[in-house]
Amino acid sequence: MIEFKEVEKRYGHFSVLDRLSFSVKPGEHLALIGPSGSGKTTILRILMTLESVTAGNVLINGVSLNRETRSGVEVEASEAHLRRMRAEIGMVFQHFNLFPHKTALQNVALAPVLTGRLSKNDAKERALQLLEKVGISEKANEYPARLSGGQKQRVAIARALALQPKILLLDEITSALDPELVEEVLNVITDLRNETDMTMLLVTHEMGFAKDFAERVLFFERGKIVEEGPPGEMFHSPHHERTKSFLRKVIAAGHRV
Ligand code: ADP
Ligand code: MG
């Protein structure tokens, strides 16, 4: 479903992703872990077409994200191509990134209307259903400033689902929340995991959650995969010294493994 092939991302001379290759199967739930700066957000932002790659190729269902063929010639992807590819993918950010001057309902209904997928009325109806699904329909007409962090993040999840994506990207979605609000957001993710066939990529420091969520964990350092495996093995008997020391630090910071 997703394939990174020798992907490089550089800013000037600074290399963020270093010939990175990995693939994700349809319906797989993957956890991406690793120290700050190891490239996890960059991977998700590339998939969301918010960042370009310096070299290499990213394929979604066999179609290149960053290149397209026009009149038989392979060229850099156009904005129209990126938009088509992006329509299959939803992303939830650490800091919610809701539109502050739109209500919860308007935040969720916007993309289906802008992309011409749904009429205003249908988009509104779907937005209400999604807000209900994340348990927050009673806040439909509130602006983000009047919502708690957990409520904002649930609106952001509903918004990410509005175009019915096949791939859902979750970037440290509970890191900015007060501890007592983490669970309400993770419960929504657990339901989505169990009730849909979306392919899901989760960047997290919540190792306890990653263990229940993911079939496979990738541990990154400096834009490379150091180690990967099923969560039980990765968290309890990691092979690499770097993985061990990272997990020790995460536990010391108060996260459950
Ligand atoms: P992570 O999510 O694992 O913490 P990121 O993908 O956010 O890591 O960042 C990886 C590295 O890329 C970091 O060192 C970061 O400073 C750098 N980086 C990210 N975006 C930019 C940018 N726009 N310009 C320069 N460096 C960047
Ligand atoms: Mg990050």
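Counting starts at 1 for both ligands and their atoms, following the listed order. Keep in mind the model is a prediction, meaning the values are calculated, not measured. When reading the values below, keep in mind they use all heavy atoms of this one structure, side chains included, and skip hydrogens, waters and symmetry mates.
- Closest heavy-atom contact between Ala31 and Ala210: CB-CB, 4.0 Å.
- Ring orientation note: the planes of Phe220 and Phe22 are nearly perpendicular, at an angle over 60° on the 30°/60° scale.
- Under 4.0 Å from ligand 1, not a single heavy atom of Phe220 appears.
- Here Thr41 meets the criterion, with an N, O or S atom under 2.8 Å of the Mg ion (ligand 2).
- For Asn194, the CG atom is densely surrounded, since the number of other residues' heavy atoms within 6.0 Å is greater than 12.
- Put simply, atom 15 (C) of ligand 1 has no protein non-hydrogen atoms near it, under 4.0 Å away.
- Counting heavy atoms under 4.0 Å from ligand 1, residue Val16 touches it through the side chain alone.
- Proximity to Pro35 (heavy-atom distance under 4.0 Å) selects the following atoms of ligand 1: 3 (O).
- Within a 4.0 Å radius of atom 8 (O) of ligand 1, the protein has at least one heavy atom.
- Of the protein's heavy atoms, Phe14 CE2, 3.9 Å lies nearest to atom 17 (C) of ligand 1.
- Of all the heavy atoms in Arg222 and Asp18, the pair that sits closest is O-CB, 4.3 Å.
- Atom 5 (P) of ligand 1 has Thr42 OG1, 3.6 Å as its closest protein atom, hydrogens excluded (heavy atom only).
- Put simply, no part of Gly223 is less than 4.0 Å from ligand 1, judged by heavy atoms.
- Summarising the geometry, atom CE belonging to Met234 is positioned 12.5 Å from atom NZ belonging to Lys244; distances are rounded to the nearest 0.5 Å.
- The protein heavy-atom contact nearest to atom 26 (N) of ligand 1 is Tyr11 CD1, 3.3 Å.
- In this structure, atom 3 (O) of ligand 1 lies nearest to the protein heavy atom Lys40 NZ, 2.8 Å.
- At least one side-chain heavy atom of Ile43 sits less than 4.5 Å from a side-chain heavy atom of Phe4.
- What you find for Ser175 and Gln94 is that their closest heavy atoms are CB-NE2, 3.4 Å.
- Note on ligand 1: Ser38 sits in its first shell, one or more heavy atoms being nearer than 4.0 Å.
- Looking at atom 4 (O) of ligand 1, its nearest protein heavy atom turns out to be Gly37 N, 2.6 Å.
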